[in-house]
Amino acid sequence: MASVVENLPFGEVISSVVASLESGKDIKIEGFGTFSLIEKPEREGRNPRTGKPTIYKPTRRPKITFDKKFLERVYAGSSALETSTETGSPTASVASPATTPASTAASTAAPVAAPTAPVLPPPIPAELLTPSAPPIIWQIKAPDGSFIEVPSQDLSKWGVGANTPIYSAATGWKLAGSIPELVGLVQ
C-alpha cells in the first residue's frame, strides 16, 4: 500500500506530514487541516472482552483537526461547525494543495452536492380518506358460560376461531369464519 501512496501526486504531502510528526512538529495544510500527535499517558482501564482491570501503556496517536474552511465546504455552509483551535508545538506549513500544478486538474472537477433530507409528500386530502366505521361488537360465550361483548379486533384474544358461533344484531348467530368482515381476523 505504501508504494501506491508514494506514486500519487499527494504522496509528497503525506511523506512531509509523517516526517514532521516523527520530529514532534505539528503540520498545517492551509484550507484542509492540522496534523498533530496526542500523547496518552499510562492509564488504568478495563479489558473490554473480559472486564478485568488492566494498565494501558503510554501511546502517541496522530490527530487531525480539520480547517474551518474545509468543513464549510464539506457541509456546504452548515452553521453547526465546531473546530479545535489547540496549539502547543511548532507548526510547519505546507503549500495549499490547490496551488500545486498536479492539483489544478482536480480543482476544476464539479463540486459534490451536500446530502439533502428526503422530500415528504403533502398530507392526504380529507375527501380521499374514508371515515372509519366504529368497530362491530360481537357477543360470544365466555368460558364461564356467560355472554360477553368483544370488538372485532379482540376476537382472536378470546380464542374465537372460524368454527366459533358469535352473535351481533346485524348478522344474528353465525360461525365466525362465515362472516366477511372477520376473514383474516379469526382462523
Quiz item: Can you tell me if S20 uses its side chain to pair, donor with acceptor, with the backbone of S16 under 3.5 Å?
Solution: yes
Quiz item: At their closest point, which heavy atom of L37 faces which heavy atom of L21, and how far apart are they?
Solution: CD1-O, 3.2 Å
Quiz prompt | Residue pair G31 / F70: nearest heavy atoms and the distance that separates them | solution = O-CB, 3.3 Å
Self-check item: Straight-line distance of I166 CD1 to K141 NZ, nearest 0.5 Å
Solution: 15.5 Å
Practice problem: Could you tell me whether E42 atom CD has more than 12 heavy atoms of other residues or ligands within 6.0 Å of it? | Solution: yes
Could you pull out all donor-acceptor pairs under 3.5 Å where a side-chain atom in residues 170-179 meets a protein atom, sequence neighbours excluded?
| from | atom 1 | to | atom 2 | distance (Å) |
| --- | --- | --- | --- | --- |
| T171 | OG1 | S168 | OG | 2.9 |
| S178 | OG | L175 | O | 2.7 |

Self-check item: Atom pair OG (S36) and NZ (K25), whose distance is rounded to the nearest 0.5 Å
Solution: 15.0 Å
Self-check item: Atom of K57, atom of R43 and distance for their closest heavy-atom approach
Solution: O-NH1, 4.0 Å
Quiz item: Same cluster or not: are W158 and L155 linked, directly or through other Ile, Leu, Val, Met, Phe, Trp or Tyr residues, by side-chain heavy atoms under 4.5 angstrom apart?
Solution: yes
Exercise. Kindly give the heavy-atom pair with the smallest separation between E149 and I137, and that separation in Å.
Key: CB-CG2, 3.4 Å
Practice problem: Give a yes or no on this: more than 12 heavy atoms of other residues, nucleotides or ligands lie within 6.0 Å of atom CD1 of I124. | Solution: no
Exercise. Identify whether F32 and I27 are in the same connected component of the hydrophobic contact network (ILVMFWY, side-chain heavy atoms under 4.5 Å).
Key: yes
Quiz prompt | Of T164, D154, I148, L182, the residue whose pairing with W138 passes side chain to side chain contact (heavy atoms under 4.5 Å, CB included) | solution = L182
Self-check item: Minimum heavy-atom distance between F147 and Q139, given as atom pair plus value
Solution: CB-OE1, 4.4 Å
Quiz item: Looking at I29 and F35, what are the two nearest heavy atoms and their distance?
Solution: CD1-CE1, 3.8 Å
Quiz prompt | NZ on K63 to CG on D26, rounded to 0.5 Å | solution = 9.0 Å
